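Here the structure is a predicted model, which is why all the values come from computation and not from measurement. Here, residue 1 is the first one in the sequence, and each next residue gets the next number.
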Amino acid sequence: MNNKTLDNGALLFFAVLIVGLVISFFSQKNYKASNQEVITKFEQQDYYLSYDQLHSALTNKDSHYLFIDLRHEAAFAEAQIPGAVNIPFESLLERKSIKVIKKNKKLIPVLYAGEEATAQKARMLLLSKGINEVMVLGGNFETAQQHALENFDPAYAFFRDEKARFDYMRFMQGSQTQAQEKRPSATIPETTTQTVSVQGGC
């Protein structure tokens with residue numbers, strides 16, 4: 001093997017290395033926040049928009065929210081929150097979608113979908129893009145439509161799917177109660193007395 005072959009191999013290696021670094025640099029630009037920052041922001045508990053707040057915003061017509069409907073176009077065309085924009089979940093990270101959100105930077109994005117879990121996933125994706133103030137409408141669109149849009153029901157003012165489905169304390173208490181009901185009660189054995197007569201003596 002001559003020196004020319006070694007030189008060509010070294011050049012090829014460094015070219016591949018440089019291309020890899022460039023790709024890595026531009027791919028990291030897509031995400032503005034580190035994983036730890038995203039997790040910290042995601043766990044904050046003040047990101048829910050209640051049906052009470054939704055009803056108030058729509059009634060007063062001075063909303064400072066940007067409602068983002070994550071459902072498909074056909075579902076959005078049938079019914080939606082008044083003033084909402086349709087960005088299907090699959091298109092959320094496209095440049096034009098992010099542009100719509102950043103264009104309305106004075107408004108707080110509020111995500112809703114066919115399932116609350118989908119809106120939660122979308123929130124995490126937007127947090128990773130550096131969009132820090134993102135809210136989620138509790139429940140799904142059908143529940144919001146029934147109890148907040150068509151006729152406001154105060155009983156659903158603070159409804160959330162997550163609370164209803166994942167209230168672990170309530171679940172544990174229910175399991176404990178069931179276990180107590182199934183556990184056999186302790187029984188005290190019956191005692192009998194018997195008199196024995198003794199004859200004789202000293």
Answer whether the closest heavy-atom distance between the side chains of [X] and [Y] falls below 4.5 Å.
| X | Y | result |
| --- | --- | --- |
| Y112 | T143 | no |
| H64 | K106 | no |
| L107 | I101 | no |
| E116 | Y48 | yes |
| V110 | L54 | no |
| K96 | V100 | no |
| F89 | K121 | yes |
| Y65 | I81 | no |

Quick one: closest heavy-atom pair of [X] and [Y], and the distance?
| X | Y | value |
| --- | --- | --- |
| A157 | S50 | O-CB, 3.2 Å |
| A113 | A119 | CB-N, 4.3 Å |
| S97 | I87 | OG-CG2, 3.5 Å |

Pairs satisfying salt bridge (charged side-chain N to carboxylate O under 4.0 Å, His left out), at least one member in residues 66-76, at least two apart:
D69-R71
Could you state the interatomic distance from [atom1] ([X]) to [atom2] ([Y]), rounded to the nearest 0.5 Å?
| X | Y | atom1 | atom2 | answer |
| --- | --- | --- | --- | --- |
| Q120 | E115 | CD | CD | 12.0 Å |
| L125 | L92 | CG | CG | 6.0 Å |
| T118 | R123 | OG1 | CZ | 15.0 Å |
| R95 | K102 | CZ | NZ | 10.5 Å |
| L126 | I68 | CG | CD1 | 6.5 Å |
| D52 | F159 | CG | CZ | 15.0 Å |

Looking at E94, I'd like to know if its CD atom is crowded, meaning that more than 12 non-hydrogen atoms belonging to other residues, nucleotides or ligands lie closer than 6.0 Å.
yes
Within a 6.0 Å radius of atom OH on Y156, are there more than 12 heavy atoms belonging to other residues, nucleotides or ligands?
no
Plane angle bin for H55 and F152 - parallel if under 30°, tilted between 30 and 60°, otherwise perpendicular
parallel
What's the verdict on side chain to side chain contact (heavy atoms under 4.5 Å, CB included) for Y51 and L137, showing C-alpha distance, side-chain angles and the deciding distance?
CA-CA 8 Å; Y51 291 176; L137 182 66; 3.9 Å; yes
Taking it one step at a time, do I108 and L49 satisfy side chain to side chain contact (heavy atoms under 4.5 Å, CB included)?
CA-CA 11 Å; I108 301 170; L49 185 79; over 6 Å; no
Are the side chain of Q145 and the backbone of F141 linked by a donor-acceptor contact shorter than 3.5 Å?
no
Before you tell me yes or no, could you show the steps for I98 and K129 under side chain to side chain contact (heavy atoms under 4.5 Å, CB included), namely the whole-Å CA-CA distance, both residues' side-chain angles and the distance that decides it to 0.1 Å?
CA-CA 9 Å; I98 299 297; K129 280 289 191 179; 4.3 Å; yes
